[in-house]
Amino acid sequence: MMNKRTPASVRRLSGNSHGFTIIELVLVIALLGLLAGFVIVKLGGVLGDAEVKAAEFQVNQTFKGPLLKYRIDMGSYPTTDQGLEALLKAPAERQHLWKGPYVDSIPLDPWKTPYDYRFPGVQNPDAYDIRSAGPDTILNTEDDIGNWQKSD
């Protein structure tokens, strides 16, 4: 039986405590860490997929309209040397035909690198090739995203 003179620290150790043991706390923290790691890995995959989808959309859709308008006005797509900048500023040799600007700005791909543009295209010899270097930001590797590729 406890008397009033027993210190509080001794009374807590007597088994009437309703708190958590150190082992229980360590287990809960470990489980929370595992769950957080799982969520971060899954979220990283979702964000990576979103960046690839954004690049696919840009190479297949975003540039399509402005390049077509440019072609209608100028009689041809911009050359490789003129590049996508021809959508913003008239090429010196054909300023009288230019009715742009055809875009407000030339976007970078989701990995903050410029798109690669070629006319005539290697993959599309009768049109243009436009591609992103992909997540590794290096052209001519497996993860390049081009307007000639079929998306899922």
Residue pair Q58 / P110, side-chain heavy-atom distance below 4.5 Å: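 Heavy-atom side-chain distance check passes, below 4.5 Å.
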
W111 versus D136: any side-chain heavy-atom pair under 4.5 Å?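 No. Closest side-chain heavy atoms not under 4.5 Å.
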
Any chance the rings of F119 and Y128 have centres within less than 6.0 Å?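 Ring centres of Y128 and F119 not closer than 6.0 Å.
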
F63 ring center within less than 6.0 Å of Y115 ring center: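 For Y115 and F63, the ring centres are under 6.0 Å apart.
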
Kindly compute the distance separating [atom1] ([X]) from [atom2] ([Y]), expressed to the nearest 0.5 Å.
| X | Y | atom1 | atom2 | answer |
| --- | --- | --- | --- | --- |
| Y70 | Q82 | OH | CD | 4.0 Å |
| L88 | W98 | CG | CH2 | 7.0 Å |
| H96 | M74 | NE2 | CE | 7.5 Å |
| Y77 | R71 | OH | CZ | 4.5 Å |
| Q123 | N147 | CD | CG | 9.0 Å |
| I138 | T113 | CD1 | OG1 | 10.5 Å |

Pair T141, D143: side-chain N/O donor-acceptor within cut-off below 3.5 Å: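 Side chains of T141 and D143: pair found under 3.5 Å.
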
Looking only at side-chain N and O atoms, does D129 offer a donor or acceptor that is under 3.5 Å from a partner on N124?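 Note: N124 and D129 side chains meet the donor-acceptor criterion.
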
Contact summary for N60 and G146, nearest pair of heavy atoms: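 In terms of heavy atoms, the two residues are closest at OD1-O, 4.3 Å.
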
Taking all non-hydrogen atoms of both residues into account, name the closest pair between L84 and Y117 and its distance.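 For L84 versus Y117, the nearest heavy atoms are CD2-CD1, 3.7 Å.
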
Would a single hydrophobic cluster contain both V103 and L97, if residues Ile, Leu, Val, Met, Phe, Trp and Tyr are joined by side-chain heavy-atom contacts under 4.5 Å?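 Cluster IDs for L97 and V103 match.
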
According to a hydrophobic-cluster definition based on side-chain heavy atoms being under 4.5 Å apart (Ile, Leu, Val, Met, Phe, Trp, Tyr only), do W148 and I130 belong together?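 W148 does not cluster with I130.
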
Which residues share a salt bridge (Lys or Arg N to Asp or Glu O under 4.0 Å) with D144, sequence neighbours left out: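 D144 satisfies salt bridge (Lys or Arg N to Asp or Glu O under 4.0 Å) with R131 once adjacent residues are dropped.
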
Taking P107's backbone N and O only, do any of them form a donor-acceptor pair with S105's side chain (distance below 3.5 Å, no angle check)?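 Answer holds: no.
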
